[in-house]
Amino acid sequence: MADTGTPATGTPDTAPHTGPGTGALEAGFDATVAADRRIEPRDWMPEGYRRTLIRQIAQHAHSEIIGMQPEGNWILRAPSLRRKAILLAKVQDEAGHGMYLYAAAETLGVDREDLTERLIDSRQKYSSIFNYPALSYADIGVIGWLVDGAAICNQVPLCRCSYGPYARAMIRICKEESFHQRQGYELLLAMVKGTDAQRTMVQESVDRWWWPSLMMFGPPDGDSPNTRQSMAWGIKRHTNDELRQRFVDMSVPQAAALGVTLPDADLRWNAERGAHDYGEPDWAEFKAVVSGSGPANAQRVAHRRRAHENGAWVREAAQAWADKQAARAARKDAA
Amino acid sequence: MSPHAEEEDATNAYQSLSETTGHDDPRWAFGSGFEDVQAEIEAPVPDGVDAADLAEYCLMLGDDALVCSHRISEWVSNAPELEEEVALANTALDLLGQARVLLSRAGHVEGAGRDEDALAYLRSDAEFRNVGLAETGDDLDFGVAVARLLVFSTWRLALLSRLVGSRDPVVAAVAAKGVKELTYHRDWAARWTLRLGDGTDESHRRMQAGLEEVWPHVEELFRTSEVEHRLVTAGVATDPAETRGEVDAVLDQVFAAATLTRPDRPGRGTLGGRGGRQGSHTEALGLVLDRMQSLARAHPGASW
Amino acid sequence: MNEPTPRRTWPLYEVFVRGKRGLNHVHVGSLHAADDEMALHNARDVYTRRNEGVSIWVVRADLITASSPDEKDPFFAPSADKVYRHPTFYAIPDEVPHL
């Protein structure tokens with residue numbers, strides 16, 4: 001598999017992935033996961049585990065980087081200087097999160113440049129949510145509240161993921177995400193206390209983002225073939241539907257406190273279950289967005305490609321300069 | 001696992017996260033340090049200083065930072081590498097922080113009830129007091145962006161390091177903090193100038209082209225306005241003309257190491273003797289403000 | 001060491017930060033940079049958000065010799081930060097749950 005070429009970390013996985021003697025290695029791996037201890041880069045791991053992690057971490061990293069675009073779209077127009085500073089800091093965090101995650105993926109023997117190329121060639125995916133456009137400033141608040149809220153639901157369990165580098169990256173990321181969610185909610189609170197136009201803007205934004213946010217947890221459990229294996233490996237801790245339910249239950253009182261309506265006629269408290277019943281997301285739309293025909297897929301990937309290609313001469317120059325410096329230092333040493 | 005147990009796990013994770021959250025660094029303008037600055041913003045105008053002059057001076061320094069921050073922010077999600085996304089955003093945030101304090105001070109000293117946002121969002125381009133260099137666009141050409149920041153940060157660092165002793169407490173506070181920030185910006189820009197200037201043939205060409213593009217705006221940086229003249233006497237401002245030697249020396253050193261040539265291009269002329277400090281700008285500023293102000297202006301009376 | 005063709009990616013560096021006096025440097029993560037100076041600069045941006053007074057080590061990942069397969073990496077060190085990065089900065093009414 002091309003993913004497992006030369007590890008870029010200097011801590012190569014020297015253990016064989018397959019072949020004779022893997023039985024004991026596999027037993028050791030299973031015991032570590034079963035004991036809720038962490039797998040580290042130099043440990044033996046099943047090839048499927050490695051491949052699953054690379055795919056998941058890369059998608060997660062791509063999501064952070066692509067996710068900069070809908071919000072970055074509003075930095076220059078932020079309606080107050082305080083909001084501008086907050087948004088700039090938030091989008092900057094997302095770049096940082098992308099870096100942490102790419103670094104975690106690199107411990108598995110892939111290279112960030114390769115992952116970036118897979119992204120801009122549409123060979124790897126990112127969260128479907130970022131294929132929706134950010135059309136008003138209320139979207140900045142709603143992205144923080146709902147999208148980052150959903151991300152937190154997904155990500156907090158990952159702080160206990162069986163793969164050490166991923167779990168550690170997630171701890172740092174979750175810490176910052178909770179700031180993101182709160183700043184979003186606080187913006188919405190300010191807006192609903194403002195003018196009628198602002199309240200309308202908030203409701204309109206919630207109407208657009210609610211269903212895509214629910215889709216962030218992935219397809220229903222019956223339609224999510226990888227979930228069981230990921231849970232057995234300790235990569236995933238809860239099913240898609242469990243997390244989605246938690247998100248709905250969390251969001252309903254928050255929406256009430258804002259005075260906005262969640263656009264779901266079937267949403268109601270079910271005392272028997274001790275949870276909210278809610279309507280079915282439009283899974284046909286989800287599939288369309290995931291497979292590339294969402295409202296903003298082409299734009300997002302083209303933007304990332306343009307940035308990467310426009311930066312090529314800069315990256316090359318820095319490398320050329322570093323090589324020249326190294327050669328000069330070597331000549332000096334020799335003299 | 002019961003749903004209840006899962007809930008506890010999530011809560012515990014949050015707890016452990018909050019425990020690892022450090023305390024605020026008072027060195028950030030709008031970190032916890034802002035509370036101190038907030039008190040200073042309302043400090044009385046120093047004796048013998050004309051309030052209108054002081055307000056105008058704070059606008060000059062504040063608008064330079066605000067408009068330059070806007071230009072750097074255009075790079076968000078467009079940087080040549082992820083590490084540089086973070087570096088550029090840090091620089092934009094630093095300058096935005098300086099702008100906020102300075103505009104707040106200008107509004108307070110002016111005494112007409114305008115806050116930082118009224119000044120940023122409700123003035124026309126002719127009311128802005130920034131130099132032309134700050135508003136120069138780069139069309140996402142990294143060579144131009146680096147050239148602009150190299151010149152801007154070298155000049156602003158020279159200014160701020162002289163303003164640490166200003167008799168106005170807010171100007172002095174912004175300067176004290178800004179010196180550290182600008183030192184960092186200048187270092188970043190100088191290192192990139194070296195890499196691009198002495199990197200590949202293409203990067204050399206593009207870095208030199210970037211310098212040529214921003215160079216017509218250099219002369220204005222050392223032009224002393226009437227307001228600055230008066231405030232130098234009053235112990236509040238520094239004379240930008242006096243920074244020329246330091247700025248030239250730094251730039252020449254960088255150019256030499258980067259195998260670049262100091263551009264030889266005429267400076268952008270004034271209009272009836274007026275330049276950026278008097279509200280006479282390039283066409284670019286109007287476009288910057290159209291974008292910056294559009295949402296705020298579309299919702300008068302809104303609170304964000 | 002000399003490579004005939006230019007590398008496509010800047011090399012990977014590992015970053016170690018001394019959070020405050022009296023503590024050891026702790027591994028906090030990694031980044032890409034073309035040279036040591038850039039790595040140091042970027043480490044400061046990314047991992048300490050320029051919290052002055054801390055000491056940073058950067059080392060090219062391919063220069064590290066590693067020993068034990070049973071390694072235990074420390075958690076990320078805490079970083080002091082802008083106030084609006086902190087959840088507590090935002091005034092959220094107490095009655096709003098789960099934020």
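Labels below follow one simple rule: chain letters A, B, ... track the order of the sequence lines, proteins then strands, and each chain is numbered from 1.
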Could you tell me which portion of A:E177 (side chain, backbone, both or neither) has an atom closer than 4.5 angstrom to a non-hydrogen atom of chain C?
neither
Heavy-atom distance under 4.5 Å between the side chains of A:Q325 and C:D35, does that happen here?
no
Is it the case that more than 12 heavy atoms not belonging to C:N24 sit under 6.0 Å from its CG atom?
no
Nearest 0.5 Å please: distance from the CH2 atom of A:W321 over to the CD atom of C:E37.
7.5 Å
With C:T9, the side chain to side chain donor-acceptor pair (under 3.5 Å) member among A:T116, A:D114, A:D111:
A:D111
Closest non-hydrogen contact found for A:A103 with C:S30 is CB-OG, 3.1 Å
Are any of the side-chain heavy atoms of A:E106 and C:H32 separated by less than 4.5 Å?
yes
So, does A:R172 use its side chain to make a donor-acceptor pair with the main chain of C:Y47 at under 3.5 Å?
yes
Any side-chain heavy atom of C:P11 within less than 4.5 Å of one from A:Q319?
yes
Could you give the distance from CG (C:L31) to OH (A:Y100), rounded to the nearest 0.5 Å?
10.5 Å
Using salt bridge (Lys or Arg N to Asp or Glu O under 4.0 Å) as the criterion, list what pairs up with A:D333, not counting sequence neighbours.
none
